[in-house]
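Below is one structure, written out as C-alpha cells; comments come after it.
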Protein chains: 2
Amino acid sequence: MSQGTAKRGRSGGVSEARERLLGTATKIFYAEGIHSVGVDRIIAEAQVTRATLYRHFTGKEELVLAYLDVADRGIRSQVASAREGAGSPADEVRAVAAAIADGIRSPGFRGCAFLNAVAEYPDPAHPVHQAVLAHRQWFLETVTDLLAQAGHEPADEAGRHVVMLRDGAMAAGCLFDPELVCATFLRGVEGVLSRRAE
Amino acid sequence: MSQGTAKRGRSGGVSEARERLLGTATKIFYAEGIHSVGVDRIIAEAQVTRATLYRHFTGKEELVLAYLDVADRGIRSQVASAREGAGSPADEVRAVAAAIADGIRSPGFRGCAFLNAVAEYPDPAHPVHQAVLAHRQWFLETVTDLLAQAGHEPADEAGRHVVMLRDGAMAAGCLFDPELVCATFLRGVEGVLSRRAE
DNA sequence: AGCGAGGGAGAACGTTCGGTCTCCTTGCTA
DNA sequence: TAGCAAGGAGACCGAACGTTCTCCCTCGCT
C-alpha cells in the first residue's frame with residue numbers, strides 16, 4: 001500500500017518496517033509484559049515477516065532493550081519539557097511530579113515500564129536489568145540535583161524520598177483509583193518540598 | 001530415604017511431596033519470576049515427578065495461586081506478630097514498618113511478591129491479578145484502621161501515603177542500597193505519624 | 001489378605017518458543 | 001542497465017512449554 005516512500009537502503013534514516021516493529025513491540029511489551037509475548041505476536045501485529053525482525057535485531061533481547069530505550073527517551077524528554085516551563089528549581093520538581101501524575105491518569109497506564117521489566121529480569125547481571133538500573137540512577141540524580149538547587153540539605157535524603165513516592169505511585173497507579181493515587185503522590189511531594197530541614 | 005512418615009492417604013494432614021512442591025515453587029517463583037520458570041524446573045528441584053504435580057494441582061496456574069497464598073499468609077502472620085508487641089496504634093504502625101524494613105534488609109530480598117506477580121499478569125480479570133488486588137486491599141485497610149485508631153483524620157489519606165511509601169520501598173529495596181531505602185522509608189512513615197492534620 | 005491412594009519413572013502429546021533458512025519481488029542507485 | 005539491499009512469504013529447526021498418559025511399587029487401612 002503506502003510503502004513507496006522511506007524504504008531506501010542506507011541513504012535515509014531508519015527503515016519503515018523497523019519503526020513499525022519497534023512501535024508494536026513497545027506497545028505490546030508495556031501492555032502485556034515481556035516473557036508472556038512471543039515474537040510471533042509482535043511480527044504479526046507489526047505486519048512484518050520473521051526475517052525482517054532478525055534483519056534489524058539480533059534477537060528478542062535486543063528488541064526488549066530497544067523497547068526500554070524508547071521508554072527511557074520518552075521519559076527524559078517528558079522531564080525536560082516539564083522543567084522548561086518552571087521558574088524555580090522547586091517548581092521544576094512540581095512540574096516533573098505533575099507530569100508523572102498525568103501519566104498515571106492517562107488511559108492505558110500500566111505502571112512503570114522499568115519496574116515491570118525488572119520484575120521479569122531479576123538477575124542483576126542481565127542487560128535488561130542493568131538498563132533499568134541506569135534509568136533509575138539518572139532519575140534519582142536529576143531529582144536530587146533539583147532539590148539541591150532548591151536549597152534542600154541534605155538533598156540526597158529528599159531525593160530518595162521523592163523517588164520512593166514516585167515508585168509507589170507508579171506501582172499502585174494501575175491497581176487502585178488513579179485519581180486518589182495522584183492526589184496522595186502530589187501531596188507527598190509537596191510535603192517533601194515544604195520541609196527543608198528535618 | 002526419609003519418606004516413611006507422613007505420606008498417609010486421607011488421615012493425616014497434607015502430603016509431604018505436596019509441601020516440597022509448594023515450598024520449591026515459592027522459592028523459585030519469588031527469586032526468578034513466574035513466566036520464565038517452567039514446571040520441569042520446579043519438579044526437578046522439588047525431587048518430584050510430573051504426575052505428582054498434577055495430582056495435587058490442576059496446573060501451573062493453581063501452583064502460582066498457592067504460591068501467592070503462601071506469601072499472603074506469611075505477611076499476615078508477620079503483621080500480626082508485629083502488632084502484638086506494640087503498646088499503641090501508632091506503635092503498631094511503627095512495628096509493621098519495622099517488620100517491612102527487616103524484610104527489605106534480609107538476604108535474598110527480591111521485592112514484593114505481589115507487585116512482581118502483577119507485573120507478569122496485567123489482565124485485571126486474571127485470578128492471579130485478583131489475588132494481588134485482594135492482598136493489597138487487606139493491607140491498605142489494616143494500615144488505615146491502625147491510623148484511624150491513632151487519631152488520624154482523615155485516616156484514608158494517611159493510609160494511602162504509608163502504603164505508597166511501602167510500595168516504593170519494596171520496589172527499590174532490591175535495586176538500591178537496602179540500608180538507605182529502609183532509612184528513607186522509616187523516616188517517611190514517621191513523618192506521616194507525626195502529622196495528624198495537614 | 002487385599003484394596004486403593006500416593007508416589008516414582010518415564011513416554012508421549014500437541015503447541016509454542018526463539019531463531020535460521022531459501023526463494024522471490026521491489027525499488028533505489030551507481 | 002546491472003547490482004544490491006529491504007522486505008515479503010513461508011518452510012524448517014531443535015528445544016521447551018504445559019499436560020496427559022501408562023505401568024509399577026509401596027504403604028495404610030479395612
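Per chain, numbering begins at 1; letters A, B, ... match sequence-line order.
Heavy-atom nearest nucleotides on DNA chain D were determined for Gly59(B) and for Arg18(A), and the one closer to the 5' end corresponds to Arg18(A). Comparing Ser36(A) and Ala51(A) by the nucleotide of DNA chain C that holds the closest heavy atom to each, the one mapping nearer the 5' end is Ser36(A). The 5' end of DNA chain C is approached more closely, in terms of each residue's nearest nucleotide, by Asp40(A) than by the other of Asp40(A) and Arg55(A).
Atom CD1 in Ile43(A) sits about 12 Å away from atom P in dG19(C), given to the nearest Å. Rounded to whole angstrom, the span from the CD atom of Glu16(A) across to the P atom of dG7(D) amounts to 9 Å. Atom CD of Glu19(A) and atom P of dG7(D) are 11 Å apart (whole Å). Per the geometry, NZ belonging to Lys60(A) stands 16 Å off P belonging to dA16(D), to the nearest Å. Phe57(B) places its CZ atom 11 Å from the P atom of dG7(C), with the value rounded to the nearest Å. When rounded to the nearest whole Å, the span between NE2 of His35(A) and P of dG18(D) equals 13 Å. Taking atom CG of Leu53(A) as the reference point, atom C1' of dG19(C) lies 10 Å away to the nearest angstrom. Between the CZ atom of Arg41(B) and the C1' atom of dA15(D) there is a distance of 17 Å, given to the nearest Å.
Considering only side-chain N and O atoms, His56(A) lies under 4.0 angstrom from the phosphate OP1 or OP2 of dG7(D). Applying the 4.0 Å criterion to OP1 and OP2 of dT20(D), one finds that Tyr54(B) has every side-chain N and O outside that range. Between Ser15(B) and dG7(C), a side-chain N or O to OP1/OP2 separation shorter than 4.0 Å is present. At dG8(D), one or more side-chain N or O atoms of Thr52(A) fall inside 4.0 Å of OP1 or OP2 (strictly under the cut-off).
Of the possible donor and acceptor atoms, none in the side chain of His161(A) sits under 3.5 Å from a partner among the backbone N and O of Thr184(B).
Residue Glu61(B) is classed as having no contact, given no heavy-atom separation below 4.0 Å to the nucleic acid.
The residues Glu32(B) and Arg110(B) are annotated as not salt-bridged, no charged nitrogen and carboxylate oxygen being separated by less than 4.0 angstrom.
Of all heavy-atom pairs spanning Leu22(B) and Tyr67(B), the tightest one is CD1-N, 3.9 Å. Contact record, Ala97(B) with Phe185(B): O-CE2, 3.5 Å, taken as the closest heavy-atom pair.
Residue side chain Arg50(A) does not reach the base of dG10(D) through any donor-acceptor N/O pair under 3.5 Å, judged by distance alone.
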(Q) Pair His129(B), Tyr121(B) - check ring pair (Phe, Tyr, Trp, His ring centres under 6.0 Å), show working. (A) CA-CA 6 Å; His129(B) 190 105; Tyr121(B) 292 87; 8.8 Å; no
